[in-house]
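Have a look at the structure below, then the notes.
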Amino acid sequence: MDRTMKNLKLVSLNGDDNRRTIVTVGNVKIGEDLVVIAGPCSVESEEQTVITAQKVKEAGANMLRGGAFKPRTSPYDFQGLGLRGLKILERAKRETGLPVVTEVIDPRDVSWVCEYADVLQIGARNMQNFSLLKEAGKVGKPVLLKRGMNSTLREWLNCAEYILAEGNPNVILCERGIRTFETYTRNTLDLSIVPSVREITHLPIIVDPSHGTGKVSLVAPMSLAAIAAGADGIMIEVHYHPGEALSDKDQAMSPVLFADLMKRLHVLNSQIKEMACNREHKSPEESW
Ligand code: PEP
Ligand code: MN
């Protein structure tokens, strides 16, 4: 292994032991099934969240996302509904059966947010909030750890190591774009991190092309590219009326666009599986 990664005792793939972590959430096995987490950037109202949840479920998503605590650049922007938002997510879960992924931004909130979340999200801005990582490591809930916008792979994996070192093995990594000199897109989605992560760690990795690009027109192509690169799933922002979203409206997919993406994802995923099957039956020279 790369010597700079030598302190990653728990997150590293070990020698010949190629076992990969599978994080089970409800009946979804992240690391084995194709996971599609979809839903609004922010929980805004019961109607908005429940209808969006029903639409993404109908289209084939297997988990629901939605922020009740929003880490916003400006203190004057919508900060999320807090507890009320979590109760709305609970309702949406009851209506659809979809497990809930929601962000926690304060270490003091971790234990009680766990009562509402099936997966705790630690956002890009908090990737290196070490007290938050330790608290998340102490609870049994799976953690979705987003890559910080200015973070290297080594820094990111060290943050996952913090969670595992506290006794929680259920970590899902999420690439969401990094800051570069490019300004056309909100961030630069670093898809080369997907096979890099798979070379170094046994943890599953998903990709968030919504924050990764900031532009709804780029979300579908980058979702397909993420799966082709080997990601275990994607996380997509969907809003029942994108133009009215209180946060991140430029990157929100409508339910119709999302349903179309789901169809294409399933075609691609079965082609990838078929290719993997064929490869097992061919010599290395024949396969690519
Ligand atoms: C989010 O997924 O709601 C979010 C705030 O994303 P990020 O932390 O990647 O900016
Ligand atoms: Mn968002």
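When reading the values below, keep in mind they use all heavy atoms of this one structure, side chains included, and skip hydrogens, waters and symmetry mates. Read the numbers this way: they start at 1 and go in the same order the structure lists the ligands and their atoms. Just so it is clear, the model here is predicted, and its values are computed rather than measured.
Y116 does not carry K93 over the face of its six-membered ring by the limits of under 6.0 Å from the centre and within 45° of the normal.
Distances from ligand 1 to the non-hydrogen atoms of R65 include at least one value under 4.0 Å.
Vertex the Mn ion (ligand 2), arms ending at SG of C41 and OD2 of D248: the angle is 100° after rounding to 10 degrees.
Only the side chain of E103 comes within 4.0 Å of ligand 1, judged by heavy-atom distances.
For D190 (side chain) and E175 (main-chain N/O), no donor-acceptor pair under 3.5 Å exists by modelled atom type. The main-chain N or O of S12 is never found under 3.5 Å from a side-chain atom of T201 such that the two would form a donor-acceptor pair. Checked by atom type and distance alone, the side chain of K215 pairs as donor or acceptor with a backbone atom of Y184 at under 3.5 Å. With hydrogens and angles disregarded, a donor-acceptor distance shorter than 3.5 Å links the side chain of D232 to the backbone of I205. The closest donor-acceptor contact from the side chain of S270 to the backbone of V267 lies under 3.5 Å.
Considering only non-hydrogen protein atoms, atom 6 (O) of ligand 1 sits nearest to K146 NZ, 2.9 Å. Protein heavy atom in closest approach to atom 4 (C) of ligand 1: H211 NE2, 3.5 Å. Atom 8 (O) of ligand 1 has A124 N, 2.8 Å as its closest protein atom, hydrogens excluded (heavy atom only).
For K134 and E166, the salt-bridge test fails: no basic side-chain N is under 4.0 Å from an acidic carboxylate O.
Residue-level check: among N/O/S atoms of E237, OE2 sits closest to the Mn ion (ligand 2).
At least one N or O atom of Q121, backbone or side chain, sits closer than 3.5 Å to an N or O atom of ligand 1.
You'll find the side chain of M235 stays beyond 4.5 Å of the side chain of S210, heavy atoms only.
Of all the atoms in ligand 1, the ones that sit under 4.0 Å from a non-hydrogen atom of R176 are 7 (P), 9 (O), 10 (O). Near G123, meaning under 4.0 Å from one of its heavy atoms, ligand 1 places the atoms 8 (O). Applying the 4.0 Å criterion to heavy atoms of K70 picks out, from ligand 1, the atoms 3 (O).
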